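Since the structure is predicted, the reported quantities are computational estimates derived from the model, not experimental observations.
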Amino acid sequence: MRRLLGAASILAMTGFATPAWAQDASAAAPGTGAQTLDSNDVGEQAADAAPDEEGIVVTGFRRSLAEALNVKRDSVSAVDAIVAEDIAKFPDQNLAESLQRIPGISIQRDGGEGRAITVRGLSAQFTRVRVNGLETVATSTDGASPNRDRQFDFNVFASELFNSIVVHKTAEASLDEGSLGAVVDLNTGNPLGGKAGFTIVGSAQGSYNTLSKDLGPRLAGLLSWKNDAGTLGLAVSAAYQENQTLELGNNTVRWAQARFDSVNGTPCFYNTTGTGANLVYTTPRPNAGGTYRSSAACDAAALAFHPRIPRYGEVEHSRKRLGITGSIQWEPSDATKISLDGLYSNFKANREENWAEVLFRSNERSIDVINAVIDPETNNLVSGTFNDAWVRTEHYFRKSQTEFWQFGGTWDQDISDTFRFTLLGGMSQSTASIPVETTFVFDDRDAQGYSYDYTDSRSPVLSFGTSVTDPANFQLAEIRDRPSDTVNKFRTLSLRTEWDVADGFTVKTGAVYRRFTFDTEGFLRDTVVCGNGGVDRVLGTINCSPSSAFGPSAIYGFPAANLGELFELGKAGQPAGTTTQWLVPNLDAAADFTKLYSRTPTIDAGNTRGVVEKVTGGYVQFDFKGDIAGLRYAANAGVRYVHTDQVSRGLTSGTEVSIDRSYNDWLPAANIAFFPTENIIVRAAVSNVITRPTLGQLTPGGAVDGFNYRINFGNPFLDPFRATAYDLAFEYYFAPQSIFSVALFKKDIQSFPVASTITGTFASTGLPTSVIPASSPAAINPEGQQWTINTFINGSGAKVKGMEVSLQAPFSFLPGVLKNFGGIVNATFIDSSATYGLSGPVTVANVGAPSFAFGPNVPVTASNALSGLSKRAYNGTLYYEDSRFSARVSASYRSGFLDPSTPLSATGNLFEGYNSSINVDASVRYKITDQIELSLEAINLTDDYRDRFTDEDANRNYEYNHFGRTIQFGARFKM
């Protein structure tokens, strides 16, 4: 009888994680450890219900929980799983939102949907994802920014396409390397697991969002067939969804310090005569130029923090998802099984933004502050009225598409009763394209009577004194378009073997070849309409004022005239007194007028780069089980070797540079599980793990200043993140479908890249001398002096430690209908420490004569948690299920965390991230017949606001917005 590969790390690859209708929930005998399962037995025992240990029929959601526990219980290493209750019936609408139910996993939402995951405090870049056993990257352009890194975007796929998720939290030698956090297996169909003949499943839902008032379709279907002999099976599934959601709220784009023109009637800049000790202040110098004169009012306002770009606005998300899977499985004998799997996904996402704001950023010199109020606790300029303010309205539109495909094949072969192999190969590609990313801006650069009030910091009053609906007040001042493409490709071939040397002792070996390519290119059509005088830069039809010109007669753009449209702000949490209607550029009219898309684009050097990684390696692992002094155990131990060849390319001063490097890693790993009783398991694990460097930091692209001997670029010689991971867990399966577990974990991270300014030779960068400007002194003598190099270096490391606690049980001990209830709760507590170098607040408003310059920022060294890490996370689900009716309500909480993309913040703010959040979802299902089921689901019932901060101590408002509730209703049939 052919057996599947036993280790949990490859269960999903070989088809173990089959749909709920194809698994036997009782297949896992308690305490058997690394038990192997016979695939034919799994398929032949498929039924619409499975018995638990007491013979009670277990169906629906309870069955999915039981089967997920079986996956966990049968593994030697630490795994968790989520299994579909039936084919094409994943328990959540988004894969990321399902994963947050697992202890130790939190998610980050974008546009109201789960997008990326954090596992045990390590952000998405530290997690590797495999689809049907093949590592891949799904790159989304949705959300505030495109993903141009290693993280996997779960919002690319419809959840109906998947039957199970298996999360490997500890490493094995046989498990693919590359993760400090976890390896996540996403698994699609298994047609040989179903019944003989045809199976047809379909569902249709409507999705309604309470903010957008949009009703969109969500459709899914599956067709599978298996011959009577059970040797050939085929399956194809498809899912399609359209939805439109709104994101409403306010934003500051950080807070900053700067000197204003005047404060509460006190001028801050003057004309002067004399120099040094003889400097004499004469008349005030409004709006531009002059010398700053220190005073109590001016200094206090300058050193206080004010919002850089305070604004309210709306972001509209329009999404379309199409997903198709196909699978063919042929099992001519118990010794041979061949599977071919394909997956295609097309995700289109448009994003449109409308904002009304004041551009304080870099324009404070011209602005007068009246009635300034400064909070002494936070040092925030919380309210005031501002004259000569730079008012701006923006209209932004991005059109994007992610196209993903994967094709793979698996050959499982038993050579004898004791030796077998699996050959796995495949390829995948994720192409994220942004053909249009356009912004038009209207400016009114001398507006009067603008006021803001951040007394209620998350719901400020923003009021424009001059009319922001009158085209006569605005000029079209800036146009932008930033198209780009990002392509990720994987090619994988691996061979895995198993040899049963003796009863309870198996030797596993394997070899792998993997080629990953990342390419991104960006282009710019950006320009301001006017420079410093002369004709405009767009059409050459108007004469621009010099930059020093100020007042209503200044010309810095085209008259708004017929180029605008009115925008009305909806429910953004704004208080009374906030301006809610303003003029924004009309995208079509402005594009036609400026001929934007006819402009020749220039290369966006920072977003034109690539990485190629070739990985070759192998492993040996020993699996054994037995007993020590009567205590049964199961264990595995081995070592994995990987050789990485890496080529990084980028543009440095306009020249393409390519850097080669290679490195080797030996990654030992050991897992052991003890079974004191049939229902108690104690697990321990230790391993060395790696995550390869962030793609953006590897680029050799940047700029070389050969006159001042300065270089700004990435570092293609960065080492991988390397860590030693420890794990200890206790699991008590105290009743059918029940578990109480506690897991302790620790990760000692030896180093991680940090931004740094260092001094060194030009040769130390690895860059060719051809990138040095030919006209500069350095071109003649590159090593004439030491260079100042702004780059990334291998930092000093960090530590992560924590605990997961989980309890899951049906309430079968209760009387009557109460026994149909059940619950799941888990909590994760994490602590970590890392050292960061930051630029702290300016502490002096002026630095002596003659320059009277502002600042500078004060360097600060601070300890904090790793970015993306929440110190506390709680999840809970209460469910009810009988033969016809089922209902669930789930809540997920995570405490605040540093932003994984910009944890250090800027402009004098110390750290940046998100405050705590809680999401509540609910669902109700009713079976009219055994074939037809109705459903009603509610997502984000509390309409939780996303609360982003800048400066951890002051907790300044960076962003505060909400997405509304989503209601889904529909029907499902199966035959």
Ionic contact status for E172 with K508, cut-off 4.0 Å: no
Quiz item: cation-pi between R894 and F897, 6.0 Å / 45°: yes
Side chain T902, main chain S905, donor-acceptor under 3.5 Å: no
N/O donor-acceptor pair under 3.5 Å between R150 side chain and P693 backbone: yes
Residue pair E437, R480: steps toward the side-chain contact (heavy atoms from CB on, under 4.5 Å) verdict: CA-CA 8 Å; E437 187 174 8; R480 305 176 203 144; over 6 Å; no
Backbone of V612 reached by a side-chain donor or acceptor of R649 within 3.5 Å: no
Other residues, nucleotides, ligands: >12 heavy atoms within 6.0 Å of R710 CZ: no
Residues R130 and E135 bridged, charged N to O under 4.0 Å: no
Among W405, F162, F347, ring-ring contact (aromatic ring centres under 6.0 Å, His included) partner for F157: F162
Test of ring centre spacing under 6.0 Å for W787 and Y709: yes
Electrostatic pair D526:R482 at N-O distance under 4.0 angstrom: yes
Worked verdict on T644 versus R692 for side chain to side chain donor-acceptor pair (under 3.5 Å): CA-CA 9 Å; T644 304; R692 293 180 175 88; 3.1 Å; yes
Heavy-atom side-chain proximity of S179 to E177 below 4.5 angstrom: no
Distance in Å, Y619 OH paired with T509 OG1, rounded so as to fall on 0.5 Å steps: 6.5 Å
Donor-acceptor contact present, side-chain S687 to main-chain P668, <3.5 Å: no
Audit row: F154, L186, side-chain contact (heavy atoms from CB on, under 4.5 Å) steps and yes/no: CA-CA 10 Å; F154 289 89; L186 307 179; 4.2 Å; yes
Validation row, ring centre F745 to ring centre Y726 under 6.0 Å: no
Steps toward side chain to side chain donor-acceptor pair (under 3.5 Å) verdict (S484, N607): CA-CA 8 Å; S484 65; N607 286 317; over 6 Å; no
Check: F911 ring centroid to Y836 ring centroid under 6.0 Å: yes
Backbone of P435 reached by a side-chain donor or acceptor of S433 within 3.5 Å: no
Minimum heavy-atom distance between I793 and N715, given as atom pair plus value: CA-ND2, 4.4 Å
Exercise: identify the closest heavy-atom pair between I772 and A779: CG2-N, 3.6 Å
Approximate separation, where rounding is to 0.5 Å, of D947 CG and S917 OG: 9.5 Å
Check: L728 and R683 side chains under 4.5 Å, non-hydrogen atoms: no
Pair Q100-S892, side-chain donor/acceptor within less than 3.5 Å: yes
4.5 Å side-chain heavy-atom contact, T520 and R609: yes
Side-chain ion pair, E912 and R254, N-O less than 4.0 Å: yes
Test of ring centre spacing under 6.0 Å for F949 and Y958: no
No-hydrogen, no-angle side-chain donor-acceptor test under 3.5 Å, N864 and E952: yes
T765 side chain near I789 side chain, heavy-atom distance below 4.5 Å: yes
Pairwise side-chain contact, V647 with S658, heavy-atom cut-off 4.5 Å (strictly under): yes
Interatomic spacing from CD1 in I711 to CG in D705 - rounded to 0.5 Å: 9.5 Å
Criterion side-chain contact (heavy atoms from CB on, under 4.5 Å) on E613 and F490, from CA distance to verdict: CA-CA 10 Å; E613 287 176 349; F490 271 95; over 6 Å; no
K746 with D831: basic N within carboxylate O range, under 4.0 Å: no
Where P720 and Y663 come nearest, the two heavy atoms and their spacing: CG-CE1, 3.2 Å
Side chains of T170 and N671, donor plus acceptor under 3.5 Å: yes
CA sep, side-chain torsions, deciding dist, call: L667, I690, side-chain contact (heavy atoms from CB on, under 4.5 Å): CA-CA 8 Å; L667 305 171; I690 66 166; 3.8 Å; yes
Rounded distance (nearest 0.5 Å) linking atom OG1 of T118 with atom CD1 of I105: 9.5 Å
Derivation of the ring-ring contact (aromatic ring centres under 6.0 Å, His included) call for Y344 and F404: CA-CA 6 Å; Y344 172 81; F404 176 94; 8.9 Å; no
Ion pair D727/K169, N-O distance below 4.0 Å: no
Residues E403 and T431: side-chain donor-acceptor under 3.5 angstrom: no
Full working for salt bridge (Lys or Arg N to Asp or Glu O under 4.0 Å) between E804 and R120: CA-CA 9 Å; E804 299 167 359; R120 290 182 166 179; 2.7 Å; yes
Sub-4.5 Å side-chain heavy-atom contact between S428 and R491: no
Residue pair S75 / S77, side-chain donor-acceptor N/O under 3.5 Å: yes
Between S430 and N488: side-chain donor-acceptor atoms closer than 3.5 Å: no
V184 side chain reached by T127 side chain, heavy atoms, under 4.5 Å: yes
T608 side chain to G522 backbone, donor-acceptor under 3.5 Å: yes
Test item: N909 side-chain N/O and A906 main-chain N/O as donor-acceptor pair under 3.5 Å: yes
Salt-bridge criterion met for R115 and E97 (N-O under 4.0 Å): no
Greater than 12 external heavy atoms within 6.0 Å of I603's CD1: no
Parallel, tilted or perpendicular: rings of Y641 and W666 (30°, 60°): tilted
S832 side chain to V800 backbone, donor-acceptor under 3.5 Å: no
Flag, side chain of Q750 to backbone of D748, donor-acceptor distance under 3.5 Å: yes
R640 and D176 ion-paired at < 4.0 Å: yes
Short side-chain to backbone donor-acceptor contact, S870 and S895, under 3.5 Å: yes
Smallest separation among heavy atoms of L718 and F792, with atom names: CD2-O, 3.7 Å
Interatomic distance, D519 atom CG to K489 atom NZ [nearest 0.5 angstrom]: 7.5 Å
Beyond-backbone contact of V704 with P773, side-chain heavy atoms, under 4.5 angstrom: yes
